[in-house]
Each structure stands twice: as C-alpha cells, then as structure tokens.
A.B. asks: 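The structure's right below; bear with me while I get my questions together.
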Amino acid sequence: MTTTSTQTNGSGGSGVPIQERDRVTVRFAGDSGDGMQLAGNRFADATAIFGNDFSTLPDFPAEIRAPAGSLAGVSSFQISFSKHQIFTPGDEPDTLVAMNPAALKSHLSALTKGGLLVINEDAFTSGNLKKANYPSNPLSDGSLDGYRIIKAPITTAAVAAVDDLGLTNQNAERTKNFFALGLVYWLYDRDLQPTLDWIDQRFGRLPNIAEANRRALFAGHAYGETTEIADAHVRVPPAVLTPGEYRTITGNQALVLGLITASHLTDLELFYGSYPITPASDVLVELAALREFGVRTFQAEDEISAIGTAIGAAYGGALGVTGTSGPGIALKSEALNLAVMTELPLIVLDVQRSGPSTGMPTKTEQTDLLQVMFGRNGESPLCVLAAKTPGDCFYMVLEAVRLAYQFVTPVVLLSDTYLANTAEPWPVPDVTQLDMIDVPYRKLEHVDPEEFEPYKRDPDTLARMFIPPGQPDLQHRIGGLEKSDITGDVAYSPENHQRMTDLRAEKIQRIANFIPEVEVDGPETGDLLVLSWGSTYGAVFTAVNDARDAGHEVAHAHLQYMNPFPRNLGDVVSRYKKVLIPEANTGQLRMLIRANFLVDAQGYNEVTGQPLSARLLTERIKQIASE
C-alpha cells in the first residue's frame, strides 16, 4: 500500500512530498572494500531507533579480499523494514545501491521490476566494466530502461566533501559508503543522529577520519535534498510492537547472551572451547570479551582439541560448550561419541553453512541435520534442537542447557549462517523472571558412599548419576569403553551391551515427555500441512499466510525439537492429506518424517546458499493447495 503526503523529513529536511509505504526492502552492494556491511548495519540501527520492525541479510564472499571490482568480490547487505511485524529480509529489493559495475551485474536480477537503482556512476570506468564482463556501459546502452535510476557521482562527491582535511586519496575515497548511506537516509526518511553518534564513538581517537565520515554522510543527505528525486522519497511508519526494551540482535549474539544467562541460571562457570570457523567464530570472539561475567574461552589448535577441552570442562563440573560448523562437526564426531558413552552434559553449537567439504563458507544451508543425528559410529543417540529466529537462539541455548543437565546427555543446537548473521529487533527479557536450571550433582552430599552406584538412573528420565571428579569416596570409572549397568565398570558381555544400548536410546526418547508438543497454526485437519524446522520459519510463516490471503486453507507447524520429535508429531502429520516440508537441503527432515511416521511427505528444497524464497514457496503452496 502506498499513500502520498507532504511532511518534514525525520532527519531535518524541508517539507517535500513523501510516499508512505507499509514495507520497503533495500540492498547495498559493492566491492568487499566499499563498506557495505558497515553501511547496512548503520541503516539497521537507525531503523531500529525509528521504530520499524526489520530483518537483515548480510551476504559477503568467503575470500578475505577478492580482486577489487571483480564479481567474486561483491559484498551486499539487505534490510527489509515495515510498519508491521515481518519475518524475512525480503526476497527482492525495492532499491539497489550499486557501488560498481560488478555489484550491478551480480544483483540487478533480484531488483523488483520498476525498482529504484542508486548507482555510483564514478565507478563505471572501462576497466571496471571489463572486470564485470559488461560489453557496453549499462548506464548508457538502454539495458536499465525498466528501472528508476539515480546516477550519483558518489566517489567524487565524497572526496570533495573532505577535500580540506588532508586525508590520503585512499582514505578520502573510503568515505563513499557514508555518502551513499546519507543519500539512502534521505530517500527513506531516516534520522542521521544515531549514525553520527556511532561515528563519534567508533572514530573518536581519529578526529580527521571521524570528521570525514560525518561530512560524507551530510553530503549524501544533502544530495538527496537538492537533486530532483522527490518521487523516490519514501516513509515507512513505525511498527506497533509489544511494549518493552528492544535491541538489535543477530543469532550469534543471541547465542552469546544465552550462554552467559545459562551460566547465571545454573550458577556454573562457563567454559567455551572452540576452533575458529565461519560462521561460528563470532561466538568465540564475543565470549572472549566478556571475562567479567565469569566466562573462560579457549581457542584450540583444531576442532578435536576444542571439543576435548569442552568435554573436560563438563566432566569437571563447569558448563562445557563447544561451537563449530559442519566441517567441524565431522572432526568432532569421535569425541562427541565419547560424551555420549560417558553421558556428560555437553553443549555443542552447530552454526551450519554450505557444503560439502569447505563448500561456500559464508553461505547458508540446513544440511547438518542427518550428520548430527547419525554421523557417529555405533548406536549413538543424542538430543538435537534447532533455533528458528536470531532472537530464538537465546532461548534455545537455555533449553539445550536445561535438557543437558536434566538428562545428563550431550545436546546439539543447530543454527545456521542465515540466523548467525541476520539481525532483528529483540525484546530484552527480564532475567529475574527466567527459571533457574537444576544441576543434579549439587545433591551429592546425600549420596552414601557405601551405596554409591555411578550408573544408577533416575526412574523418570533415565539420567545417570553425574559425579564430577574430586568427590571423596565417590571414585568411579570413566571413558569410552562400554559401561556395566549400575556399576559403570568396563563390561563386554552381549547382554549388558544390549541393555546399555537400549537404555541410552530410551533416555533420549523420554525427553519427549519433558518438551512441548508441536502446535498447529491453522486448521487442525485438512488438505495441506506445511511442516518447517529451524531457520525456514520466517519464509514458511510468510508463505503460508500469503497463501491464506489468496483463499487457500493451509496449516503450518514448526519443529524446534529434532531428536526426539515432540510426542504428538505423528498424530499431527497423520491428520492431513498432504504434508509439504520446505528445507534448505535435499530433504533431510522429509526422510525422517517418512521413515518415522510412514507419511508420504513432499519436499520443497532449495540449496542455493541463500534463505528460502517466500515468494517461490508461496507459489508452490498455492499449486499444491489447488490440486
């Protein structure tokens, strides 16, 4: 919906016609050195302060510095913001800011037909056009006739704005991202002040650099005011959100805050042992900066050492956590099996990325589900959870820790690159209202050494008695060899191995009695159920509601407990004639649903390195619902 009014620009401009729209999606794209991630994040912060709901999608190459101006070196940042609650960063941008020909070539196909192009015309030199494989200049050959275009001399205007500050040519040109940001601020009625405050904080010790960035930001904003582009001036009113304190949060940031909160709720020291790997590295980096909260971090020399230290911490009585991505899970599998055999409360974060092998390290997929379920030797069951939004990563870490200690078992929490890097407004919880997490070994003073049995189990959960080292008269065997039931001694008898195998499996299955049942949004029975898991939640929720708006009756259920499944899942999927499972893989959950419940589920599968397209999924849902 679009309306037009005349009002004052929120960043101080004069009264000009402003189109009012419900939702807008903007994508910044340029070379890896053009500061697109910085510009996008600053726009997101200004949007959060303005009061819109929003979702972001950073996208950048895996190479640290691809050749300047090349297609391989294009970096982008997309933000969708709205007056209503939204759940995706948008499929196609309404506005594309292209800082060079390679950025235009890489992202033009995604731009909405008739959308707005903001182009840095200074970068369209013959050399840059050649690097982007353009046979002619798209700014003059008519190939962009289907779009509204703002051709701005972004580089030269930014350099001119800082001309008297004595900067090197390189540093002067680096301010062009702030010029572009100022122009987009004018286009979408954003306030400059949050970014000016950020510049002061970030570059306070470099006054010339700070002043240059301020000037470039103002110059870009002034360019929007003084150029005849008023028809592109748009305002998206603030959203009506639940009252409370909000902050912008990414999935990795939510994992960090969740782990620190879990340390508080268990009253345990947090130990995080990890090896740097994209996209999980930020968790290690941010935790390392929070020592005042009792956090101990260890950067290991490899993935095997990392999980080994976390297992040692868990056994020693700390909150032991390790984090990685798919390639690291492969390397950690032997040690993870040790945690299964010894039945230790270990937390493993798997921030999934595109594979196989090194794959596409900065792109997203949901391809580790079967790996964390079955990628170990022997019968090796463990608990698997999956977060659905960036903010949900906070709560699912707490749930992982709760289940790990309640059942004395390793728990894997699945996130992915999309959740890790995307941002959204997050209502900050009141920590005092969160339930404390019980740590069973604190009750050891009630254990009679004469009656001590280390593998005696809780009758409800089958959790074994967990005894950290250093407890007088409670010594027992530990390690990867098969344990004798009750005593924990090494045992090789066929009957005992069968019993222990069954006990370990049954313990995981009993978790289903202590987790929520899956809820259905929509008709309780009918023709079509769309079943999603993990980070597909936003796209599926959006697609299902778009299909309903088109007159189709569609139900939606979302899974966050992947092993065991919620106890009512079999009943839910049996109540619909068709079950559609959208996934960013080739059908891993679909395989499990078909095997467990004998349901002829269909798949909707995208393995592109990008989040699912809500628009394409809507079309598929409509097609199935119409059959």
A.B. asks: Does A102 offer a backbone N or O that forms a donor-acceptor pair with the side chain of H107 under 3.5 Å?
C.D. replies: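 No.
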A.B. asks: In chain order, what residues pass the salt bridge (Lys or Arg N to Asp or Glu O under 4.0 Å) check against D145, with sequence neighbours excluded?
C.D. replies: none
A.B. asks: With a 4.5 Å heavy-atom cut-off, do V234 and D94 have their side chains touching?
C.D. replies: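 Side-chain contact under 4.5 Å: no.
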A.B. asks: Can you tell me if D392 uses its side chain to pair, donor with acceptor, with the backbone of K388 under 3.5 Å?
C.D. replies: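 Here the side-chain-to-backbone pair exists.
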A.B. asks: Out of curiosity, K131 NZ to S126 OG, how far, rounded to the nearest 0.5 Å?
C.D. replies: 10.5 Å
A.B. asks: Do S55 and T88 come within less than 4.5 Å of each other through their side chains, counting heavy atoms only?
C.D. replies: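 They are not in contact (no side-chain heavy atoms under 4.5 Å apart), so the answer is no.
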A.B. asks: What distance do Q352 atom CD and L414 atom CG have between them, rounded to the nearest 0.5 Å?
C.D. replies: 4.5 Å
A.B. asks: Who are the salt bridge (Lys or Arg N to Asp or Glu O under 4.0 Å) partners of D34, not counting sequence neighbours?
C.D. replies: K176
A.B. asks: Which heavy atom in L183 sits nearest to a heavy atom in G224, and how many Å separate them?
C.D. replies: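 What the structure gives for the nearest pair is CD1-CA, 3.6 Å.
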A.B. asks: Could you give the distance from OH (Y188) to CZ (F43), rounded to the nearest 0.5 Å?
C.D. replies: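 Answer for the OH-CZ pair, Y188 versus F43, is 7.5 Å.
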A.B. asks: Might you point out which heavy atoms bring Q37 and P58 nearest each other, and give the distance in Å?
C.D. replies: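 For Q37 and P58, the tightest heavy-atom pair comes out as OE1-CB, 3.2 Å.
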A.B. asks: Are the side chain of T297 and the backbone N or O of L287 linked by a donor-acceptor pair below 3.5 Å?
C.D. replies: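 The answer is no, because no donor-acceptor pair under 3.5 Å joins these two groups.
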A.B. asks: If you look only at pairs with a residue in residues 284-293, which of them pass as a salt bridge (charged side-chain N to carboxylate O under 4.0 Å, His left out), with sequence neighbours excluded?
C.D. replies: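 Matches after skipping sequence neighbours: none remain.
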A.B. asks: Within the structure provided, determine whether D164 and R215 are in side-chain contact (heavy-atom separation under 4.5 Å).
C.D. replies: yes
A.B. asks: With sequence neighbours excluded, what pairs up with F541 under the ring-ring contact (aromatic ring centres under 6.0 Å, His included) test?
C.D. replies: F87, Y537
A.B. asks: Rounded to the nearest 0.5 Å, how far apart are OH of Y395 and CD of Q560?
C.D. replies: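 Between Y395 OH and Q560 CD, I get 12.5 Å after rounding to 0.5 Å.
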A.B. asks: Who pairs with E121 by salt bridge (Lys or Arg N to Asp or Glu O under 4.0 Å), at least two apart in sequence or on another chain?
C.D. replies: none
A.B. asks: Let's go through T227 and I150 carefully: what are the C-alpha distance in whole Å and the side-chain angles of both, what is the deciding distance for side-chain contact (heavy atoms from CB on, under 4.5 Å) to 0.1 Å, and is it a yes or a no?
C.D. replies: CA-CA 9 Å; T227 307; I150 299 173; 5.7 Å; no
A.B. asks: Check each of V118, L116, L144 against I149 using the side chain to side chain contact (heavy atoms under 4.5 Å, CB included) test, and report the only one that passes.
C.D. replies: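 For I149, the side chain to side chain contact (heavy atoms under 4.5 Å, CB included) check succeeds only for L144.
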A.B. asks: Check whether any side-chain heavy atom of V295 lies under 4.5 Å from a side-chain heavy atom of S263, and answer yes or no.
C.D. replies: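 V295 does not reach S263 side chain to side chain.
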A.B. asks: Salt bridge or not for D59 and K363, using N-O below 4.0 Å?
C.D. replies: yes
A.B. asks: Between T112 and P93 (side chain of the first, backbone of the second, donor and acceptor by atom type, cut-off under 3.5 Å), is there such a pair?
C.D. replies: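 Such a contact is found between T112 side chain and P93 backbone.
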A.B. asks: Kindly say whether the aromatic ring centers of F178 and F218 come within a distance under 6.0 Å.
C.D. replies: no
A.B. asks: Can you check whether L38's main-chain N or O pairs, donor with acceptor, with N177's side chain at less than 3.5 Å?
C.D. replies: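 No, N177 side chain to L38 backbone: no donor-acceptor pair under 3.5 Å.
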A.B. asks: Is a side-chain donor or acceptor of R615 paired with a backbone partner of S613 at a separation under 3.5 angstrom?
C.D. replies: no
A.B. asks: Using a 3.5 Å distance criterion without hydrogens, assess whether the side chain of T618 forms a donor-acceptor pair with backbone atoms of A547.
C.D. replies: no
A.B. asks: What verdict does the side-chain contact (heavy atoms from CB on, under 4.5 Å) test give for L117 and L108, after you've listed the backbone C-alpha separation in whole Å, the side-chain angles of each residue and the deciding distance to 0.1 Å?
C.D. replies: CA-CA 9 Å; L117 270 172; L108 181 62; 4.0 Å; yes
A.B. asks: Could you work out, with side-chain contact (heavy atoms from CB on, under 4.5 Å) as the rule, every residue matching D122, not counting sequence neighbours?
C.D. replies: N120, P153, T155, T156
A.B. asks: Do R214 and E211 meet the salt-bridge criterion of a basic N to acidic O distance under 4.0 Å?
C.D. replies: yes
A.B. asks: Can you measure from OG1 (T362) to CZ (R353) and round to the nearest 0.5 angstrom?
C.D. replies: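 One finds 9.0 Å between OG1 of T362 and CZ of R353.
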A.B. asks: Could you please spell out the steps behind the side-chain contact (heavy atoms from CB on, under 4.5 Å) verdict for L349 and Y272?
C.D. replies: CA-CA 10 Å; L349 309 179; Y272 187 79; 4.1 Å; yes
A.B. asks: Check Y185 against A46 and note the closest heavy-atom contact, atom names and distance.
C.D. replies: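 Closest approach of Y185 to A46: OH-CB, 3.7 Å.
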A.B. asks: I'd like to know if the side chain of D191 and the backbone of Q193 have a donor-acceptor N/O pair within less than 3.5 Å.
C.D. replies: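 Pair found, side chain donor or acceptor close to backbone of Q193.
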A.B. asks: Rounded to the nearest 0.5 Å, what separation is found between the CG atom of N585 and the CH2 atom of W533?
C.D. replies: 6.5 Å
A.B. asks: For a 4.5 angstrom cut-off between non-hydrogen side-chain atoms, does P427 reach T242?
C.D. replies: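 No, too far: nothing below the 4.5 Å cut-off.
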A.B. asks: At their closest point, which heavy atom of L284 faces which heavy atom of P276, and how far apart are they?
C.D. replies: CD2-CG, 4.4 Å
A.B. asks: At their closest point, which heavy atom of T175 faces which heavy atom of A172, and how far apart are they?
C.D. replies: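 Heavy atoms of T175 and A172 come nearest at OG1-O, 2.7 Å.
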A.B. asks: I'd like to check the side chain to side chain donor-acceptor pair (under 3.5 Å) partners of S143; sequence neighbours left out, ordered by chain and number.
C.D. replies: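 S143: side chain to side chain donor-acceptor pair (under 3.5 Å) contacts with D141.
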A.B. asks: Going by the rule salt bridge (Lys or Arg N to Asp or Glu O under 4.0 Å), which residues pair with R202 if we only count those two or more places apart in sequence or in a different chain?
C.D. replies: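 Result, salt bridge (Lys or Arg N to Asp or Glu O under 4.0 Å) vs R202: none returned.
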A.B. asks: Apply side-chain contact (heavy atoms from CB on, under 4.5 Å) to V607 and list each qualifying residue two or more places apart in sequence or on a separate chain.
C.D. replies: E365, T586
A.B. asks: In the structure I gave you, are the side-chain heavy atoms of T195 and D45 within less than 4.5 Å of one another anywhere?
C.D. replies: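 No, side chains not in contact.
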A.B. asks: Could you report the tightest heavy-atom contact between G258 and L398, atom names first, then the distance?
C.D. replies: O-CD2, 3.5 Å
A.B. asks: For a 4.5 angstrom cut-off between non-hydrogen side-chain atoms, does L270 reach F293?
C.D. replies: no
A.B. asks: What I'd like to find out is whether the side chain of I249 reaches to under 4.5 Å of the side chain of L257, using heavy atoms alone.
C.D. replies: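 They are in side-chain contact.
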A.B. asks: Would you check, one step at a time, whether the test side-chain contact (heavy atoms from CB on, under 4.5 Å) holds for L419 with V351?
C.D. replies: CA-CA 8 Å; L419 293 184; V351 189; over 6 Å; no
A.B. asks: Would you confirm whether R548, through its side chain, and V554, through its main-chain N or O, come within 3.5 Å as a donor-acceptor pair?
C.D. replies: yes
A.B. asks: Which residues pass the ring-ring contact (aromatic ring centres under 6.0 Å, His included) test with Y147, not counting sequence neighbours?
C.D. replies: none
A.B. asks: Please name all residues satisfying side-chain contact (heavy atoms from CB on, under 4.5 Å) with S80, sequence neighbours left out, ordered by chain then number.
C.D. replies: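 By the side-chain contact (heavy atoms from CB on, under 4.5 Å) rule, S80 matches R23, T25, I86.
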A.B. asks: Heavy-atom count check: over 12 atoms from other residues, nucleotides or ligands less than 6.0 Å from N169 CG?
C.D. replies: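 For N169, atom CG is not crowded (no more than 12 foreign heavy atoms under 6.0 Å).
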A.B. asks: Who pairs with W426 by ring-ring contact (aromatic ring centres under 6.0 Å, His included), at least two apart in sequence or on another chain?
C.D. replies: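 Partners of W426 under the ring-ring contact (aromatic ring centres under 6.0 Å, His included) test: F394.
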A.B. asks: Spell out, as yes or no, whether a donor-acceptor pair under 3.5 Å connects the side chain of Q78 to the backbone of G90.
C.D. replies: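 Answer holds: yes.
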